[in-house]
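Read the structure below first, then the notes.
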Amino acid sequence: MPVMYGTYGLLAEFDTPAELTRATYAAKEAGYRRMECYTPYPVEEVASALDVHDNRVPLLTLLGGLMGVTTAFLMETWISVWSYPINVAGRPLFSWPAFIIPAYEWTILFAGLSACFGMFALNGLPQPYHPLFNAPNFRLGATDNKFFLCLEAIDPQFDREQSRAFLEQLQPVSVVEVDL
Amino acid sequence: MATKPHHDPALDPMIDPVTGELAVLAPGHTFKSVTQKIAGVVLTSHTPLGWFFGLIAAGGFVVMFIVSVTWLVLKGVGIWGVTMPGAWGFAIVNFVWWIGIGHAGTLISAILLLFKQGWRNSINRFAEAMTIFAVVCAGMFPVLHVGRPWLGYWLLPLPNTMNVWPQFRSPLAWDVFAVSTYATISVVFWYMGMVPDFGTLRDKAQHPLTKYIYGMLSLGWRGSTRHWMRFETASLLLAGLATPLVLSVHTVISFDFAVAALPGWHTTIFPPYFVAGAIYSGFAMVLTLAIPIRKFYHMEDFVTLRHLDNMAKVMLGTGLIVAYGYSSEVFFAWYSGSHWEFFMMWNRMFGPIGWGYWLLITFNIAIPLCTLWWRKARTNVTYLFIMSLIVNTGMWFERFVIVVTALYRDFLPSSWGTYKATRWDYMIFIGTLGLFTFLFLLFVRFAPMIPMNEIKMMLPGSAADGGKEGKTVAEEIA
């Protein structure tokens with residue numbers, strides 16, 4: 001059962017992606033690990049500062065594609081050879097070259113759906129509520145023009161006073177405490 | 001031209017001072033101004049009056065469409081002009097035309113993303129919307145053409161008590177898979193791209209209901225970096241998947257024709273020529289939509305002359321491939337030595353419907369391909385708009401000529417006939433134009449028509465390269 005009261009973390013607001021990247025490197029340097037950045041668009045430098053590595057989306061897509069091609073080809077074979085064998089202009093029942101085309105389409109269909117829904121699932125979306133939405137400056141800026149660094153309270157090094165002091169010295173626009 | 005002021009590129013804000021090229025974005029925009037401009041169209045409480053007029057006019061055509069489809073369902077496809085030997089008519093022409101239009105949207109959203117063409121970001125969203133609405137219009141025709149649309153689900157491989165299954169050796173069955181996959185992947189790609197922008201709309205909305213609706217649509221997007229990285233991976237993967245998909249869809253549609261042993265259809269040039277024609281007409285439709293919208297919503301800052309210029313260049317390229325397709329058809333009609341091929345081509349050019357052939361040559365080849373070489377033509381907005389309408393018409397006639405002239409005079413002169421569309425054919429076709437416009441107007445009003453997050457990525461200062469001494473922050477830290 002997750003803790004449903006207390007502090008989620010400390011949220012520092014920045015005006016530019018460069019300041020956010022610098023702050024993220026500094027937090028990493030200071031030993032913080034459980035932290036996350038929030039930006040209105042993907043910022044690659046921030047991702048490398050956070051050292052984000054996750055290649056499960058390509059894996060899911062590959063598995064989806066393999067499932068699609070297998071499903072479609074086996075379905076076509078079963079239907080045409082066993083379930084409903086009809087003679088079409090003397091063509092063999094197992095006309096595999098013709099079966100390639102629907103199998104090709106379903107490879108793309110299953111792989112594409114796996115890429116999209118797999119991405120959302122790994123991101124834990126849909127999630128209409130999140131503690132960060134309690135911070136008014138986050139709601140105003142995170143999807144518009146502000147750049148945020150959040151040090152999460154579950155980090156062993158997190159300390160309400162010290163972590164706040166640490167963030168303050170990075171010269172953010174503001175530091176707010178986010179409730180759970 | 002003495003009255004025209006001297007044009008100095010160094011003073012024109014829309015020209016990049018470094019490269020001397022037209023700018024992709026107008027200068028002076030910030031993250032905030034991008035949000036305000038694009039989200040403002042959706043969140044405003046003052047919907048422009050012109051939008052209502054457009055919606056009502058398009059709605060009228062939708063009513064016409066509904067009436068004519070109802071009559072079609074009541075009476076059967078006999079109300080159309082299709083008969084032997086011309087068993088395919090407007091329905092197939094419209095189907096191929098609409099699907100083709102959709103292809104430009106996927107090309108912009110997928111292929112140009114893989115090629116890192118940053119300028120596509122501005123036009124990507126509404127080109128994708130165009131794809132989806134075009135596929136909606138296209139999909140109606142085969143379903144109506146089967147005669148009993150309520151049994152349309154027989155096309156799908158569904159277990160049933162009759163123990164009857166689709167016949168997978170037929171290109172018509174391939175079509176079902178190609179078009180349904182295309183529609184699904186296009187919707188998924190479009191919606192996924194909009195999720196972060198729905199998040200912005202949720203945060204900017206004032207009215208609680210608006211907030212709620214966009215909040216639900218955004219799935220709770222909060223711009224977390226880990227989310228963004230997976231999102232970027234998924235976008236690239238979908239682009240990589242949509243690229244072979246879009247090439248396959250019109251290829252499969254061309255198989256509907258090419259697999260038939262009929263002069264005028266049975267050619268190997270069809271797949272590439274259909275795909276190029278699809279992109280050609282699709283870009284014409286993007287221009288038809290983009291030019292009035294950028295004017296009406298004052299989006300000239302984001303959809304600049306650079307975009308129009310580039311789109312015209314793509315049209316020039318694909319138009320040349322189409323021209324090659326036409327000439328190869330004519331050449332092989334002669335070179336094959338087949339009497340039937342030769343007669344079909346002669347009949348296509350000089351037979352009773354020969355005017356259609358010369359019209360398509362004029363509209364698709366003569367007018368655009370003789371003028372688009374000049375930058376002056378490519379950056380003249382009025383000219384491009386008129387030209388896009390001309391190409392759309394020409395491409396419709398191309399499909400008309402392919403479908404009709406190959407059919408109505410077949411091998412036996414005793415079975416020759418003609419093809420004449422009825423008023424219901426015209427009403428349903430014009431009705432889908434209305435439906436397309438109607439859906440598109442709803443889209444520009446209720447969804448962000450330009451991807452805000454992708455535009456922000458192109459702004460100066462969007463990358464964390466503001467380190468000291470001209471280095472990036474990462475280099476500075478290292």
Side-chain angles (χ1 to χ4, degrees), chain A residues 16-18 20-22 25 36-50 52 54 57-58 61 75-76 79-80 83-84 86 88 91 95 98-99 101-102 104-106 108-109 111-113 115-116 118-120 122-123 125-130 132-133 139-140 142-145, chain B residues 30-32 35 157 163-170 173-174 177-178 181 184-185 188-189 192 196 199-200 202-204 215-216 219-234 237-238 241-242 244-245 248 252 453-454 456-457 461-467 472-474 477:
Chain A
T16 66
L20 175 66
T21 313
R22 220 171 271 133
Y25 276 116
E36 179 62 307
C37 296
Y38 299 87
T39 52
Y41 57 89
V43 184
E44 256 174 60
E45 290 85 351
V46 172
S48 40
L50 281 174
V52 179
D54 187 353
V57 175
T61 312
M75 177 187 74
E76 289 174 279
I79 287 175
S80 311
S83 178
Y84 192 53
I86 47 168
V88 179
R91 288 180 185 85
S95 309
F99 299 168
I101 292 163
Y104 174 91
E105 302 297 341
W106 269 23
I108 293 175
L109 178 70
L113 294 177
C116 174
M119 180 272 290
F120 282 128
L122 290 171
N123 283 351
L125 300 175
Q127 185 189 2
Y129 172 77
H130 191 273
L132 281 171
F133 293 131
R139 276 209 309 270
L140 280 175
T143 56
D144 184 2
N145 61 342
Chain B
T30 61
F31 299 131
K32 188 125 210 121
T35 311
N163 206 17
V164 172
W165 291 93
Q167 206 281 91
F168 290 106
R169 296 171 201 90
S170 161
W174 303 343
F177 284 83
T181 300
T184 315
I185 293 295
V188 163
F189 201 7
M192 197 186 90
T200 308
R202 165 202 68 204
D203 292 345
K204 295 290 147 199
M216 285 296 143
L219 308 176
W221 184 265
R222 50 186 191 275
S224 141
T225 299
R226 285 176 177 85
H227 291 188
W228 271 125
M229 288 304 123
R230 290 192 197 104
F231 179 88
E232 291 278 276
T233 312
L237 285 168
L238 272 172
L241 291 164
L245 174 65
S248 81
V252 170
N453 62 78
E454 290 181 33
K456 286 175 192 171
M457 283 166 75
S462 64
D465 49 9
T472 66
V473 173
I477 304 277

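Since this is a predicted model, take the numbers as computed values, not measurements.
Only the side chain of Met229(B) comes within contact range of chain A, with heavy atoms under 4.5 Å apart. Contact annotation for Val52(A): only side-chain heavy atoms (C-beta onward) come within less than 4.5 Å of a heavy atom of chain B. For chain B, no part of Thr16(A) is nearby; none of its heavy atoms comes within less than 4.5 Å. For Ile86(A), the parts lying under 4.5 angstrom from a heavy atom of chain B are both the backbone and the side chain. Only the side chain of Leu237(B) comes within contact range of chain A, with heavy atoms under 4.5 Å apart. Contact annotation for Glu454(B): neither backbone nor side-chain heavy atoms come within less than 4.5 Å of a heavy atom of chain A. Heavy-atom distances place the side chain of Ile101(A), and not its backbone, under 4.5 Å from chain B.
A donor-acceptor contact shorter than 3.5 Å is absent between the side chain of Lys456(B) and the backbone of Lys32(B). One N or O on the side chain of Tyr104(A) and one on the backbone of Pro244(B) form a donor-acceptor pair closer than 3.5 Å. Looking at Thr181(B), its side chain never comes within 3.5 Å of a backbone N or O of Trp106(A) through a donor-acceptor pair.
By number of non-hydrogen pairs under 4.5 angstrom with chain A, the leading residue of Gly215(B), Gly220(B), Gly223(B) is Gly223(B). Annotation: maximal heavy-atom pairing with chain A below 4.5 Å, among Gln167(B), Arg226(B), Met457(B), Met192(B), occurs at Arg226(B). Here Pro42(A) is the residue among Pro42(A), Ala98(A), Ala115(A) with the most heavy-atom pairs under 4.5 Å with chain B. Of the residues considered (Gln127(A), His130(A), Arg139(A)), His130(A) shows the highest number of contacts with chain B, using heavy-atom pairs under 4.5 Å. Chain B forms more heavy-atom pairs under 4.5 Å with one residue of Ala142(A), Pro126(A), Ala111(A) than with any other, namely Pro126(A). Here His227(B) is the residue among Met216(B), Arg202(B), His227(B) with the most heavy-atom pairs under 4.5 Å with chain A. Chain B forms more heavy-atom pairs under 4.5 Å with one residue of Glu76(A), Glu36(A), Glu44(A) than with any other, namely Glu36(A). Ranked by heavy-atom pairs under 4.5 Å with chain A, the first of Leu241(B), Leu238(B), Asn453(B), Thr184(B) is Leu241(B). Of all the listed residues (Asn163(B), Leu245(B), Thr200(B)), the one sharing the greatest number of non-hydrogen pairs under 4.5 Å with chain A is Thr200(B).
Every salt bridge (Lys or Arg N to Asp or Glu O under 4.0 Å) that Arg230(B) has, sequence neighbours left out, goes to Asp54(A). Listed by chain and residue number, Met75(A), Ile79(A), Trp165(B), Pro166(B), Phe168(B), Phe177(B) satisfy the side chain to side chain contact (heavy atoms under 4.5 Å, CB included) test with Pro157(B) (two or more places apart in sequence, or in another chain).
Using a 3.5 Å distance cut-off with no hydrogens or angles, the side chains of Thr143(A) and Lys204(B) do not pair a donor with an acceptor. Side-chain contact of Glu45(A) with Thr21(A): a donor-acceptor pair under 3.5 Å is absent, judged by distance alone.
The 12-atom threshold is exceeded at CD of Glu232(B), counting heavy atoms of other residues, nucleotides or ligands nearer than 6.0 Å.
Ring centers of Trp228(B) and Tyr41(A): at least 6.0 Å apart, outside the cut-off.
Contact annotation: the side chain of Glu105(A) approaches that of Val252(B) to within less than 4.5 Å [non-hydrogen atoms, C-beta and beyond].
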